Amino acid sequence: MSLKNKVIEDSEQLGKGWDTPDINWYPGHMLKAKKELAKQLKRVDVVLEMRDARIPVSSANHDFEKLLQQKKRILLFNKTNLADEDTTRKWKAYFKKMDTPSLFVDALNKQNLQEILPLSRKLMREKWSNFRKRGIRPPSLKLLITGIPNVGKSSLINRLSRRKATEIGPTPGVTKHQNWIKLGKDVELLDTPGILWPKIENREAGLRLAITGAIKDSIVGTSLLSDYLLGILMLQSQEQLLKHYHLTEENLELLPADLLEKIAEKRGCLKSGGAIDHPRAESLVLRDFRAGKLGRLSFDLPET
Ligand SMILES: Nc1nc2c(ncn2[C@@H]2O[C@H](COP(=O)(O)OP(=O)(O)OP(=O)(O)O)[C@@H](O)[C@H]2O)c(=O)[nH]1
Ligand SMILES: [Mg+2]
């Protein structure tokens with residue numbers, strides 16, 4: 001087994017057996033959003049289901065499977081520039097084998113965004129050709145974007161419409177209501193609030209969703225999140241971690257909680273008396289990771 005695979009296997013074990021609390025975040029607005037989504041579905045041609053490229057499986061909302069079964073659907077894996085390139089290549093091959101059309105995109109850097117509309121139109125080709133045969137002019141293309149919170153749905157819409165058509169923000173739960181946005185003269189896209197599912201059974205998936213920003217930090221707590229994250233970074237992103245915080249290789253032998261204290265000292269996350277300010281240091285590590293400063297990392301790995 002190669003070292004890389006060994007490391008990945010070790011990190012796969014990380015969340016197992018952890019004494020994690022139940023990770024559930026299903027506020028009232030999500031239930032409402034799910035009902036509203038169901039109502040709109042019959043009006044839309046294609047559903048763009050956005051997931052996070054770092055967790056292509058953990059970010060899938062199985063609660064929607066039944067709802068979306070009959071719809072034409074494109075899987076958009078966003079934030080590809082934050083995911084490990086080698087793992088993404090494997091995921092691309094995996095999803096290519098499946099029936100569902102998929103694209104790995106990056107809304108911030110506009111990667112692959114130009115392929116979304118042609119692919120959506122391609123899915124409608126047969127239906128629209130039947131319309132034309134009957135002398136009916138095809139209506140405008142109606143798309144709906146759905147997915148977990150904070151994954152970049154509204155950012156994508158702003159990129160496609162080339163304006164600030166809808167609110168975006170770094171925390172989950174920014175979009176609270178549905179919002180139709182016109183993209184040119186014959187395409188409309190419905191922005192929807194991010195939705196999770198009532199009970200996140202898989203704790204590992206829950207941690208991954210929280211680390212990547214889909215669940216509010218306060219639900220899991222920054223202490224557990226930074227502990228889990230540092231544990232993975234110490235195995236999989238050593239170089240970037242050491243470089244970013246000016247650490248030494250010996251520091252990698254510390255426990256994640258002790259490494260956090262080292263980082264806190266280096267970065268001056270201290271209380272007025274000089275004691276470590278743990279919450280500040282934990283938030284710093286999470287923020288740096290989410291901004292891509294600690295290297296590209298994928299949490300979900302395809303079976304090989
Ligand atoms: N690195 C990176 N960040 C992104 C990308 N797309 C969006 N973001 C960032 O992710 C955060 C969330 O973006 P939004 O567009 O508000 O996400 P959303 O899915 O609409 O979130 P909700 O409305 O809360 O469901 C923002 O800080 C964006 O700048 C991407 O492709 N790469
Ligand atoms: Mg939004």
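Each ligand, and each atom within it, is numbered from 1 in the order the structure gives. All of these numbers come straight from a predicted model, not from anything done at the bench.
- Considering backbone and side-chain N/O atoms, L82 never comes within less than 3.5 Å of an N/O atom of ligand 1.
- At a 3.5 angstrom cut-off on N or O pairs, P172 does not count as close to ligand 1.
- When distances to the Mg ion (ligand 2) are checked against a cut-off of 2.8 Å, S154 contributes an N, O or S atom below that limit.
- Inclusion of G152 in the set of residues having an N or O under 3.5 Å from an N or O of ligand 1 is warranted.
- Side chains of S154 and D191: a donor-acceptor N/O pair is present below 3.5 angstrom, by distance only.
- The existence of a salt bridge linking D217 and R290 is confirmed by a sub-4.0 Å separation between a basic side-chain nitrogen and an acidic carboxylate oxygen.
- The closest approach between a heavy atom of G173 and any atom of ligand 1 is below 4.0 Å.
- Checking only distances, P149 never comes within under 3.5 Å of ligand 1, N or O to N or O.
- Judged purely by distance below 3.5 Å, without hydrogens or angles, the side chains of H177 and E36 never pair a donor atom with an acceptor atom.
- Between the side chains of S155 and N158, no donor N or O sits under 3.5 Å from an acceptor N or O.
- Of all the atoms in ligand 1, the ones that sit under 4.0 Å from a non-hydrogen atom of P170 are 27 (O).
- Residue-level proximity to ligand 1 for N78 is carried by the side chain, the only part with a heavy atom below 4.0 angstrom.
- Scanning the protein heavy atoms around atom 10 (O) of ligand 1, the nearest turns out to be K79 NZ, 3.2 Å.
- Taking each heavy atom of M234 and L255 in turn, the nearest pair found is CE-C, 4.5 Å.
- At least one N/O/S atom of T175, whether from backbone or side chain, sits less than 2.8 Å from the Mg ion (ligand 2).
- Ligand-side atoms of ligand 1 in range of A107: 6 (N), 30 (C), 31 (O), range being under 4.0 angstrom from any heavy atom.
- Considering both main-chain and side-chain atoms, V105 never comes within under 3.5 Å of ligand 1 through any nitrogen or oxygen pair.
- Around atom 19 (O) of ligand 1, the closest heavy atom drawn from E167, K110, K153, Q111 belongs to K153.
- Considering backbone and side-chain atoms together, T192 places no N or O closer than 3.5 Å to any N or O of ligand 1.
- There is a side-chain donor-acceptor pair under 3.5 Å between E282 and T222.
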Worked check of side chain to side chain contact (heavy atoms under 4.5 Å, CB included) between L113 and I116: CA-CA 6 Å; L113 300 192; I116 297 173; 4.1 Å; yes
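- Not a single heavy atom of N81 sits closer than 4.0 Å to an atom of ligand 1.
- Protein heavy atom at the shortest distance from atom 26 (C) of ligand 1 is G169 O, 3.4 Å.
- Here the heavy atom of the protein found nearest to atom 28 (C) of ligand 1 is S155 OG, 3.7 Å.
- One option in I145, N150, T166, I195 has a heavy atom closer to atom 11 (C) of ligand 1 than any other, and that option is N150.
- Here the protein heavy atom with the shortest distance to atom 4 (C) of ligand 1 is L108 CG, 3.5 Å.
- Ion pairing between E239 and K243 fails under the 4.0 Å rule for side-chain N and carboxylate O.
- Here the rule is side chain to side chain donor-acceptor pair (under 3.5 Å) with K34, and of D63, N61, T192, T146 only D63 fits it.
- Taking distance alone, with nitrogen or oxygen atoms compared against 3.5 Å, G194 approaches ligand 1 more closely than that limit.
- Between R121 and D186 there is a salt bridge, with a side-chain nitrogen of the basic residue lying less than 4.0 Å from a carboxylate oxygen of the acidic one.
- At a heavy-atom distance under 4.0 Å, no atom of D191 approaches ligand 1.
- Side-chain polar atoms of Y245 and D288 form a donor-acceptor pair below 3.5 angstrom.
- In this model, a donor atom of one side chain and an acceptor atom of the other lie less than 3.5 Å apart for S140 and E188.
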Audit row: Y94, F77, ring pair (Phe, Tyr, Trp, His ring centres under 6.0 Å) steps and yes/no: CA-CA 13 Å; Y94 173 91; F77 298 98; 9.5 Å; no
